[in-house]
Chemist: 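Pasting a structure here, questions to come.
Letters A, B, ... are given to chains in the order of the sequence lines, protein chains preceding strands, and every chain is numbered from 1.
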Amino acid sequence: MSTVEILSKQEYKYGFVTDIESDVIPRGLTEDTIRLIAAKKNEPDWMLEFRLKAYRHWLTMTEPTHWPNISYPKIDYQDVIYYSAPKQKAVKASLDEVDPELLKTFEKLGIPLTEQKQLAGVAVDAIFDSVSVATTYKEKLKKHGVIFCSFTEAIKDYPDLIKKYLGSVVPTNDNFFAALNSAVFSDGSFCFIPKGVRCPMELSTYFRINNSESGQFERTLIVAEEGAYVSYLEGCTAPKFDKNQLHAAVVELVALDDAQIKYSTVQNWYAGDENGVGGIYNFVTKRGKCAGKNSKISWTQVETGSAITWKYPSCILQGDNSIGEFYSVALTNHAQQADTGTKMIHLGKNTRSTIISKGIAAGKSNNSYRGLVKVMPKAENARNYTQCDSMLIGSNCGANTFPYIEVMNNSSNVEHEASTSKISEEQLFYLQQRGISQEDAVSLIINGFCKDVFLQLPMEFAVEATRLLGMKLEGSVG
Amino acid sequence: MLEIKNLHAGIDGNEILKGINLTIKKGEIHAIMGPNGSGKSTLAKVLAGHPSYEVTKGEVLFEGKNLLELAPDERAREGIFMAFQYPIEVPGVSNAQFLRLAYNEKRKHLGEEELDPLEFKDLLKERAKVVEMDASFMSRSVNEGFSGGEKKRNEILQMAVLEPKLAVLDETDSGLDIDALRIVAGGVNQLHNPENAVILVTHYQRLLDYIVPQFVHVLANGRIAKEGGKELALELEEKGYDWLKTAADTGTLGVQAS
Ligand SMILES: Nc1ncnc2c1ncn2[C@@H]1O[C@H](COP(=O)(O)OP(=O)(O)OP(=O)(O)O)[C@@H](O)[C@H]1O
Ligand SMILES: [Mg+2]
């Protein structure tokens with residue numbers, strides 16, 4: 001494509017830093033660091049034990065630097081700050097008592113938290129560096145039996161639920177980053193939808209990294225009991241720093257019989273500049289267990305940020321007739337690298353999974369889909385459909401597909417389709433001939449390419465995602 | 001409205017148009033005919049600003065403006081429309097969404113208020129009547145899975161929405177069945193008025209039975225080999241192009257290539 005050239009100048013509009021006094025612990029990671037975090041959070045002993053066990057595992061593990069299609073300078077884990085919390089009054093009687101500086105920050109991000117301004121229809125848990133600063137609509141949700149609170153509160157108020165489900169989907173020794181997270185995680189969100197309840201509003205967590213030296217290690221646990229339904233949204237941004245920040249999260253979902261969890265992410269961490277300086281290292285373990293029969297878990301992700309994305313939201317389809325879905329748009333520009341995909345593990349009978357992945361690479365970025373479909377011996381009549389499309393913008397970027405298929409049951413059916421395309425000059429010319437500018441034409445074509453995924457997003461998120469893709473690609477064709 | 005002077009253009013160093021002169025006034029309909037490969041589509045695309053073609057010599061003025069220095073989308077917003085010989089598919093983008101974007105770009109350019117999806121829906125319903133196009137096509141992806149004839153009809157729907165000053169229709173008739181040809185031609189006639197102009201690129205007289213041109217130009221080997229009134233088309237139908245081809249190459253027809 002002769003006219004294609006990468007020269008994006010789009011400013012990252014969430015790049016500001018909040019000036020706020022923080023309680024920061026010294027750099028580095030030892031057992032003492034973990035004890036200090038647990039102490040700061042007044043955690044019970046069983047929680048500290050969980051952390052230490054994870055930490056001891058972690059020490060024996062090696063960072064997975066070989067198999068992912070990403071490269072980055074060695075991370076010095078002793079140079080990271082593992083806990084940073086804005087100083088504020090310990091107990092907040094109401095949301096209006098939250099530090100105004102924090103409220104302002106979230107308002108600027110489009111997430112108003114105060115009673116008067118709260119988003120209608122969406123309950124938000126706002127996480128700033130290592131801690132949750134506010135959760136909206138908590139009381140209203142409680143009336144329906146829905147628990148939605150910070151992880152810190154959950155450990156205090158619902159220890160039995162946490163003990164039962166924490167680590168039940170992603171064990172502490174699952175992988176290097178999950179083990180690290182299990183050792184040092186500082187906060188996150190807990191959602192519990194009791195039997196038979198359809199959660200009356202969307203639940204969401206907004207993650208904000210503010211401190212340039214600290215990592216963010218948060219934990220999300222969502223449990224939907226028999227017949228329950230919840231739609232959960234996750235958003236994230238960070239300021240622009242020349243240094244890289246580490247983000248290593250763990251998300252666990254549990255769906256019991258006939259339950260449904262819909263998990264949507266729009267990830268817009270700071271991606272670094274054109275030359276790849278700065279940006280978030282995003283190493284995330286997300287996994288859902290369809291524990292009960294007829295349960296369903298859907299992951300929808302729109303990944304546009306981070307310098308490095310390493311992320312495979314997966315489903316363990318244990319219950320008979322359970323369904324797993326993964327819809328993904330991953331866009332990389334400039335020097336971004338993404339290695340993302342999913343794992344669908346079919347254990348139960350008649351389990352079904354769908355994977356729709358759309359990778360878009362521009363600039364000199366590298367975008368890989370990596371997916372595993374595994375059908376275990378007892379998964380009679382398991383079905384998988386995978387469609388994996390890549391689109392390249394310009395000729396300096398790369399797109400790869402690494403599908404792994406392991407089938408141990410003959411009655412199953414696994415289908416895989418893949419395509420790679422470029423935005424063709426003819427398509428652009430056609431749209432331009434109708435008076436549409438080149439940039440709008442690119443964004444129209446890209447949004448068309450991603451349509452199957454955007455259709456899965458809640459309405460407001462879809463609008464945001466569309467806008468975001470256009471913004472991220474502005475100037476990338478010219 | 002349009003003045004083409006000694007236009008030379010080509011691709012990768014190969015000259016395809018070898019000195020085209022053509023003047024079009026508002027209210028006129030011109031037909032451009034000529035053998036396969038003679039440069040008809042190239043001329044249309046050069047007018048529309050296709051980036052692959054390089055203009056090596058000559059001038060094109062549209063309403064007094066130098067067309068050649070405008071980007072394709074600017075030309076379109078100035079009022080130039082090209083119906084493609086091979087319309088392009090845009091997966092995942094609905095016809096209605098695409099048309100609204102294009103239409104609003106034009107409105108913006110004219111300093112008018114943009115239409116929201118509901119307002120536009122009404123307008124689209126109205127315009128679709130011009131080519132008798134079913135509403136089901138509006139929610140489908142642009143040209144995706146359309147039959148050859150449907151794609152052509154969709155081009156004229158776009159013309160009906162955008163109301164260009166100059167429409168260049170590149171073989172819009174080919175691929176249309178007899179009824180569709182009548183409908184599409186009728187649509188073009190409806191859209192034609194004393195303020196705009198149409199260039200019809202075609203191989204067949206039957207289109208010209210419906211849309212009657214004042215002028216017919218015959219392109220051969222990148223030059224206009226012969227010009228005349230609507231009767232020239234009939235003559236071509238009878239005699240074919242061979243006599244013109246040789247004449248064009250030896251320059252014996254009196255139409256000067258420079
Ligand atoms: N992109 C291109 N690359 C190479 N050659 C081209 C290109 N476009 C046009 N040509 C050549 O230029 C010449 C004119 O092509 P053009 O499409 O303009 O012809 P036409 O008169 O429209 O023919 P038809 O009646 O078959 O549609 C042909 O020889 C064609 O092969
Ligand atoms: Mg042609």
Chemist: Less than 4.5 Å apart, side chain to side chain, heavy atoms only: is that true for B:Pro51 and A:Glu425?
Modeler: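 Yes, their side chains come closer than 4.5 Å.
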Chemist: Around atom CD of B:Glu112, are there more than 12 heavy atoms of other residues, nucleotides or ligands at under 6.0 Å?
Modeler: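 More than 12 within 6.0 Å, yes.
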Chemist: Between A:Tyr430 and B:Tyr86, is the ring centroid distance below 6.0 Å?
Modeler: no
Chemist: Taking C-beta and beyond as the side chain, do A:Gln433 and B:Asp73 meet within less than 4.5 Å on heavy atoms?
Modeler: no
Chemist: Give every donor-acceptor pair under 3.5 Å between a side-chain atom in residues 88-97 of chain B and any protein atom, sequence neighbours left out.
Modeler:
| residue | atom | partner | partner atom | Å |
| --- | --- | --- | --- | --- |
| B:Glu89 | OE2 | B:Lys151 | NZ | 3.3 |
| B:Ser94 | OG | B:Gln97 | N | 3.0 |
| B:Asn95 | OD1 | B:Asn154 | ND2 | 3.3 |
| B:Asn95 | ND2 | B:Phe137 | O | 3.3 |
| B:Asn95 | ND2 | B:Asn154 | OD1 | 2.9 |
| B:Gln97 | OE1 | B:Ser94 | N | 3.2 |

Chemist: Between B:Ala76 and A:Gly435, what is the shortest heavy-atom contact and its length?
Modeler: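 Closest approach of B:Ala76 to A:Gly435: CB-N, 3.3 Å.
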Chemist: More than 12 heavy atoms of other residues, nucleotides or ligands under 6.0 Å from CZ of A:Arg352: yes or no?
Modeler: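 Open.
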Chemist: Need one label for B:Tyr103: side chain, backbone, both or neither, based on atoms under 4.5 Å from any heavy atom in chain A.
Modeler: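 When you check distances to chain A, no heavy atom of B:Tyr103 falls under 4.5 Å.
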Chemist: So B:Leu101 and A:Ile436, do their side chains get closer than 4.5 Å, heavy atoms only?
Modeler: yes
Chemist: Decide side chain to side chain donor-acceptor pair (under 3.5 Å) for B:His50 and A:Glu426; before the verdict, give the C-alpha distance in whole Å, the side-chain angles of both, and the deciding distance to 0.1 Å.
Modeler: CA-CA 9 Å; B:His50 194 294; A:Glu426 294 304 323; 2.9 Å; yes
Chemist: Which of the residues B:Glu74, B:Met82, B:His109 is involved in the greatest number of heavy-atom pairs with chain A at under 4.5 angstrom?
Modeler: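 Top count of heavy-atom pairs under 4.5 Å with chain A: B:Met82.
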Chemist: Salt bridge (charged side-chain N to carboxylate O under 4.0 Å, His left out) for A:Arg434 and B:Glu155? Distances and angles first, verdict last.
Modeler: CA-CA 10 Å; A:Arg434 300 308 187 234; B:Glu155 293 290 287; 2.6 Å; yes
Chemist: Do other residues, nucleotides or ligands put more than 12 heavy atoms under 6.0 Å from the NZ atom of B:Lys165?
Modeler: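 Result for NZ/B:Lys165: enclosed.
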Chemist: Please classify the contact of B:Val161 with chain A as side chain, backbone, both or neither, using a heavy-atom distance under 4.5 Å.
Modeler: neither
Chemist: Which bit of B:Ile80 comes within less than 4.5 Å of chain A, counting heavy atoms only: side chain, backbone, both or neither?
Modeler: both
Chemist: I'd like to know which of A:Ala441, A:Gly448, A:Ser437 tops the heavy-atom pair count under 4.5 Å against chain B.
Modeler: A:Gly448
